[in-house]
2 protein chains.
Amino acid sequence: MQDILFDFISKYISLTDDEKNAILSLDIFRSVMRGTILLQEGQKTQDNYFVLKGCIRKYYIINGEEKTTAFFTEMEGITPQCAISTTPSEYYISCIEDSILIVSNTEMGIEVNRKFPKFDLMCRMLSEELLAKQQIDFDEFKTSPPEQRYLNLLQKRPDLLQRVPQHQLASYLGIQPQSLSRLRARIFKNNKS
Amino acid sequence: MQDILFDFISKYISLTDDEKNAILSLDIFRSVMRGTILLQEGQKTQDNYFVLKGCIRKYYIINGEEKTTAFFTEMEGITPQCAISTTPSEYYISCIEDSILIVSNTEMGIEVNRKFPKFDLMCRMLSEELLAKQQIDFDEFKTSPPEQRYLNLLQKRPDLLQRVPQHQLASYLGIQPQSLSRLRARIFKNNKS
DNA sequence: TAAATTCGTTCACTTAAGTTAAGAAATTAC
DNA sequence: GTAATTTCTTAACTTAAGTGAACGAATTTA
């Protein structure tokens, strides 16, 4: 399990055994059961979540309705806004599969960076990469109607369609569950004829 | 004009006169006329753009139609994806007002960072800030229907509605120009009665 | 296992956005 | 200052998404 992490890190920087041990000694691995709510609206936290295995989901509750805006699967992570700005969270984060996460917090980050400056480099690469990816996703979302957004998802993250409940996918696509159902039926019908 | 820049920078780090001069010696200020296309689809560039005064716009051409996905006004900047990944650009960047920009490139960034490491700190703060802001924007976009998106924009960036042509705003909101027109008429009518 | 809940689909209906076209208003070019 | 172009609005029509309700299927809970 640790190997998954180190394999991932090795894409960005190389670690000595000392450094690896320093990370392991932080005791950051956590098994989380499906359904666990990691962060609630109104709550404050310093924790960041990184998924080694499984899937977590970010959602708002607006007028009593859940609005899912992101899924994080293997090798993806989230730093909640409230961990940076220390304002209470506007959204929820919950676990939609039994998962293995790395839960780190800001203090630990600073600590590790002080000891091993190269971590800083990795963080920076990661956040640049993330920013770029997100920009592309946002552009794609804006420039596509719902049906196209669904087809894009089918191409880019086919796994999500399997592991995530339909109604959560719907709001991720910016539509109602019924519309997603209908849209899928439409695509299927047009594909046949 | 330089003061605008240094005022901005001072929010993140403090500069000595030496450092200021080093920046000025790079000759990065550029006046750009409205209508100028800074970056074209298919083109490669190392340049980053930061707006001191004016407004620039990022857009795709999809099926012969312009799709505007972002505007950058005073104290906002853009690092095109192609400047990082060295793949050709998928979008255009053009100037929609006579503007004063800072045009820097990756080499210069490295150069400056080598001489003045604190710049690195600022870049990191900026990109974190940007990432957070963008995440919020994206969530808001996903969770709101077009009319709400328009009202949000009215609140958050009222200046844009003044300085940007309607049809560009429309695609920024993810809809057709005619729909924006209609939507505005609808809001106005409902406000009255 | 039975009951309860959640989930996905379908339907009928409403509302809003896409599309095509036309014309007025504003801007730009000459 | 006029012509040409671009931009914005309106309208009629089409298509798709929102809404409320119903129902079976799947899943969860007791």
Side-chain angles (χ1 to χ4, degrees), chain A residues 33-37 55 57 59 61-68 71 94-98 141-154 160-193, chain B residues 33-37 55 57 59 61-68 71 94-98 141-154 160-193:
Chain A
M33 268 204 8
R34 168 202 164 118
T36 307
I37 294 181
C55 182
R57 148 186 173 248
Y59 62 99
I61 294 189
I62 299 175
N63 301 330
E65 286 205 345
E66 283 189 9
K67 302 275 187 180
T68 300
F71 298 103
S94 86
C95 203
I96 60 178
E97 289 174 5
D98 292 344
F141 193 93
K142 266 188 190 161
T143 57
S144 309
E147 184 165 329
Q148 190 58 49
R149 295 204 284 258
Y150 175 77
L151 293 171
N152 289 343
L153 196 65
L154 201 63
L160 273 191
L161 308 214
Q162 303 308 319
R163 61 206 291 194
V164 163
Q166 211 89 264
H167 66 284
Q168 291 173 9
L169 262 186
S171 75
Y172 180 67
L173 294 169
I175 58 177
Q176 300 298 317
Q178 296 95 319
S179 297
L180 179 54
S181 235
R182 176 167 41 194
L183 176 160
R184 280 156 50 91
R186 195 166 59 221
I187 290 172
F188 186 67
K189 206 186 73 186
N190 291 346
N191 252 0
K192 268 176 79 176
S193 60
Chain B
M33 268 203 8
R34 169 201 163 117
T36 306
I37 293 180
C55 182
R57 148 186 175 249
Y59 62 100
I61 295 188
I62 299 174
N63 300 330
E65 287 206 345
E66 284 189 7
K67 302 273 187 181
T68 299
F71 299 102
S94 86
C95 204
I96 61 178
E97 290 175 4
D98 292 344
F141 194 93
K142 266 187 190 162
T143 57
S144 310
E147 185 165 326
Q148 189 59 48
R149 296 205 283 257
Y150 175 77
L151 293 171
N152 289 343
L153 197 64
L154 201 63
L160 274 191
L161 307 214
Q162 303 308 319
R163 60 207 291 196
V164 163
Q166 211 89 265
H167 65 285
Q168 290 173 8
L169 263 185
S171 74
Y172 181 67
L173 293 170
I175 57 178
Q176 300 299 315
Q178 298 93 320
S179 298
L180 179 54
S181 235
R182 175 168 41 194
L183 177 161
R184 279 157 49 91
R186 196 165 59 220
I187 290 173
F188 186 67
K189 206 185 72 185
N190 291 345
N191 254 359
K192 269 176 77 176
S193 59

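Convention: sequence-line order gives letters A, B, ...; per-chain numbering from 1.
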- [ ] To the nearest 0.5 angstrom, please state how far the CZ atom of B/Arg163 sits from the CD1 atom of B/Ile96.
- [x] 7.5 Å
If I take atom [atom1] in residue [X] and atom [atom2] in nucleotide [N], what distance separates them, rounded to the nearest angstrom?
X        : N      : atom1 : atom2 : answer
A/Lys189 : D/dT15 : NZ    : P     : 11 Å
B/Ile187 : C/dA16 : CD1   : C1'   : 13 Å
B/Arg149 : C/dA16 : CZ    : C1'   : 12 Å
A/Leu180 : D/dG18 : CG    : P     : 10 Å
A/Asn190 : D/dT15 : CG    : P     : 12 Å
B/Leu183 : C/dG18 : CG    : P     : 10 Å
B/Ile96  : D/dT6  : CD1   : C1'   : 15 Å
B/Leu173 : C/dA16 : CG    : C1'   : 15 Å

Open item on the list: Using heavy-atom distances to pick each residue's nearest nucleotide on DNA chain C, tell me which of A/Gln178 and B/Pro146 is more 5'.
Closed with: A/Gln178
From [options], pick the nucleotide closest to the side chain of [X]?
X        : options                : value
A/Arg186 : D/dT10, D/dA21, D/dA17 : D/dA17
B/Gln176 : D/dG18, D/dT10, C/dG18 : C/dG18
A/Gln166 : C/dT10, C/dT19, C/dG8  : C/dG8
A/His167 : D/dT7, D/dA12, C/dG8   : C/dG8
A/Ser179 : C/dA17, D/dA17, D/dC8  : D/dA17
B/Arg182 : C/dT19, D/dA17, C/dT9  : C/dT19

TODO: Please confirm whether any donor atom in the side chain of A/Arg184 sits under 3.5 Å from an acceptor in the base of C/dG8, or the reverse.
DONE: no
Open item on the list: Between A/Thr68 and A/Tyr172 (side chain of the first, backbone of the second, donor and acceptor by atom type, cut-off under 3.5 Å), is there such a pair?
Closed with: no
TODO: List the steps and the verdict of side-chain contact (heavy atoms from CB on, under 4.5 Å) for B/Arg186 and B/Asn190.
DONE: CA-CA 6 Å; B/Arg186 196 165 59 220; B/Asn190 291 345; 4.1 Å; yes
Task: Contact summary for B/Cys55 and B/Val164, nearest pair of heavy atoms - done: SG-CG2, 4.5 Å
- [ ] Among A/Leu183, A/Leu180, A/Asn152, find the residue that satisfies the side-chain contact (heavy atoms from CB on, under 4.5 Å) test when tested with A/Leu173.
- [x] A/Leu180
Open item on the list: For a quick test of reading the model: is some side-chain N or O of B/Arg34 closer than 4.0 Å to OP1 or OP2 of C/dT28?
Closed with: yes
